[in-house]
Structures are given as structure tokens and as C-alpha cells.
Amino acid sequence: MFERTLILIKPDGVERGLVGQITARFENVGLKIIAMKMVRIDKEFSKKHYAAHINKSFYSGLEAFIISGPVVAMVLEGIDAIDLVRKMVGATEPKTAAPGTIRGDFAHHSYGFADKKGIAIKNLVHASGSKEDAKTEIALWFSKEELHNYAMTHEKHTL
Ligand code: CDP
Ligand code: MG
């Protein structure tokens, strides 16, 4: 029931100055930040992270986008965290992502616009899609030493 999930604030989120607001949403629902760092990945790393998408038509645009600037990577922990975070992040296309979701509230890019321009959908965040993906992605992005074990204030109060 307690799960860990990988979140990336993609280059568009970092460049728009949304790191604080996006992170605050996760803290506000009570998720615990287990790990966090800023990283500029290269093509090779992108192919590992997006291994499932390498043969898709949008991959070249996606790779160009994800290596275009630094991303903020974090691991969040909480009850059913994988599904919860996907709900908070919203649909892949910001244009159709529901209001109240991160993609729906902070972006408005559409598939039509991105395809016409030959670029990736700029949708601010990546979030692990399944238990298996979360496990693989956390191991890819963080070493064991970078995953912190600490008690939050409310946890200390119950000790
Ligand atoms: O990120 P999410 O799991 O919602 O979507 P995905 O299907 O796993 O695709 C990964 C990423 O590729 C998306 O977040 C978009 O940035 C990009 N993408 C795109 O640019 N054009 C598409 N037709 C589909 C995905
Ligand atoms: Mg995905």
C-alpha cells in the first residue's frame, strides 16, 4: 500500500519557474519527499528512461525536449502514491487535462500544435505509470544512498 514513485519536473517546468508550485502540490497532499536532485540528462540516459517509447514516432521530439535543459527528479512516498500522483498530474495532453491537475492548471499545449511543429508535448511533469515502472525508474535515477530515510514531524509525534 505504501508506494514510491518517480516524478520529473521536465525542462519546461523548470524554465517556467514552476518547481516550487509543483512540488508544493505533492507536499500539500501529504506525500513524503524521499529524494530530490536537479540533473541534465543526455541522449543515452533518455533512451533508458523512455525505453518503452524509443520506436514511437514522437520519440525524437521527446528526446530533444527532455535533454534541452535540467530536470528536477524526485521520489515521493505515500499510500497508493503511483496512482495518486498520476491523478494529480493529469492527462498527457495539457489541452485536455482536467482543471485541478498540474498539466491542466499550468499548461495548454495540444497534440495538434506539437505534431504540426514536430516537437514533443510540453506537459511539465513525468510520473511513473505503474509499480514496475516506478521500481525501474527509481533505480535508474537514484542510488540507494540518495533515497533518504527520515521521519517527518507528524511521524516523530507518533514515535
Ligand atoms: O507522460 P505520460 O505517461 O502521460 O505519456 P506517455 O504516453 O508515456 O508519453 C511520454 C511523453 O512523451 C509525454 O509526457 C509527452 O511529453 C511525450 N509525447 C508526445 O510528445 N507526443 C505524443 N503523441 C505522446 C507523448
Ligand atoms: Mg508514460
Side-chain angles (χ1 to χ4, degrees), residues 2-29 31 33-142 147:
F2 269 96
E3 292 176 343
R4 289 181 173 187
T5 187
L6 180 92
I7 313 306
L8 305 177
I9 302 177
K10 295 179 178 181
D12 56 334
V14 174
E15 288 163 16
R16 287 190 47 210
L18 292 172
V19 173
Q21 290 191 69
I22 291 171
T23 306
R25 288 189 170 214
F26 298 128
E27 289 189 312
N28 287 347
V29 296
L31 290 165
I33 300 171
I34 297 296
M36 187 180 235
K37 62 183 173 186
M38 183 179 261
V39 194
R40 179 94 185 240
I41 65 164
D42 59 15
K43 291 181 179 184
E44 196 187 336
F45 196 93
S46 171
K47 287 184 179 76
K48 287 183 189 162
H49 175 72
Y50 281 126
H53 296 316
I54 283 178
N55 295 320
K56 297 196 180 144
S57 58
F58 61 84
Y59 181 75
S60 63
L62 176 58
E63 183 182 86
F65 170 44
I66 204 71
I67 70 166
S68 67
V71 305
V72 171
M74 66 183 100
V75 177
L76 298 173
E77 184 181 86
I79 300 161
D80 298 329
I82 298 164
D83 281 353
L84 178 83
V85 167
R86 291 287 291 191
K87 177 196 76 174
M88 293 175 71
V89 165
T92 304
E93 184 192 39
K95 180 188 163 190
T96 51
T101 65
I102 294 167
R103 288 166 171 171
D105 281 354
F106 294 115
H108 72 274
H109 225 207
S110 72
Y111 283 128
F113 181 82
D115 290 350
K116 204 170 164 191
K117 289 263 191 187
I119 59 173
I121 284 273
K122 295 188 178 178
N123 54 10
L124 303 170
V125 270
H126 165 83
S128 302
S130 66
K131 281 188 172 63
E132 297 70 35
D133 287 355
K135 204 174 167 206
T136 314
E137 291 174 4
I138 291 168
L140 175 67
W141 284 82
F142 290 96
L147 300 170

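Read the numbers this way: they start at 1 and go in the same order the structure lists the ligands and their atoms. Keep in mind that what you see is a predicted model, and the values were worked out from it rather than measured. Side chains included, hydrogens not; waters and symmetry mates left out as well; all remaining heavy atoms used.
- Set against the non-hydrogen atoms of Asn123, the atoms of ligand 1 under 4.0 Å away are 13 (C), 14 (O), 15 (C), 16 (O).
- Under 4.0 Å from ligand 1, the heavy atoms of His53 that appear belong solely to its side chain.
- Using 4.0 Å as the threshold, Lys122 has no heavy atom nearer than that to any atom of ligand 1.
- Across Ala35 and Leu147, no two heavy atoms sit closer than the pair CB-CD2, 3.9 Å.
- Protein heavy atom at the shortest distance from atom 18 (N) of ligand 1 is Phe58 CD1, 3.6 Å.
- Annotation for ligand 1: atoms under 4.0 Å from non-hydrogen atoms of Ala120 are 20 (O).
- Residues satisfying the ring pair (Phe, Tyr, Trp, His ring centres under 6.0 Å) test with Phe65, not counting sequence neighbours, are none.
- With a 4.0 Å cut-off on non-hydrogen atoms, Ile121 touches ligand 1 through its backbone as well as its side chain.
- Aromatic ring centres of His49 and Phe45: separated by at least 6.0 Å.
- Between His109 and Asn123, every side-chain heavy-atom pair lies at or beyond the 4.5 Å cut-off.
- When all heavy atoms of Ile66 and Ser46 are compared, the pair lying nearest together is CG2-OG, 3.4 Å.
- When the side chain to side chain donor-acceptor pair (under 3.5 Å) test is applied to Lys131, the partners found at least two apart in sequence or on another chain are Glu3.
- Counted within 6.0 Å of NZ on Lys87, heavy atoms from surrounding residues, nucleotides or ligands total 12 or fewer; the atom is thus considered open.
- Atoms of ligand 1 found under 4.0 Å from any heavy atom of Tyr111 (numbered from 1 in listed order, with element): 22 (C), 23 (N).
- With hydrogens left out, the protein atom closest to atom 17 (C) of ligand 1 is Leu62 CD1, 3.8 Å, a heavy atom.
- Ligand 1 has an N or O atom lying under 3.5 Å from an N or O atom of Arg86, backbone or side chain.
- Residue-to-ligand polar distances place Lys10 within reach of ligand 1: an N/O pair is separated by less than 3.5 Å.
- For ligand 1, the atoms closer than 4.0 angstrom to any heavy atom of Arg103 are 1 (O), 2 (P), 4 (O), 14 (O).
- A donor-acceptor contact shorter than 3.5 Å is absent between the side chain of Arg86 and the backbone of Ala81.
- Where the criterion is an N or O separation shorter than 3.5 Å, residue side chain and backbone included, Thr92 meets it with respect to ligand 1.
- Tested against Val125, the residues Ile22, Val85, Val72, Leu8 include a single side chain to side chain contact (heavy atoms under 4.5 Å, CB included) partner, Ile22.
- When only interatomic distances are considered, the shortest N/O to N/O separation between Ile119 and ligand 1 does not fall below 3.5 Å.
- Contact annotation for His109 and ligand 1: no heavy atom of the residue comes within less than 4.0 Å of the ligand.
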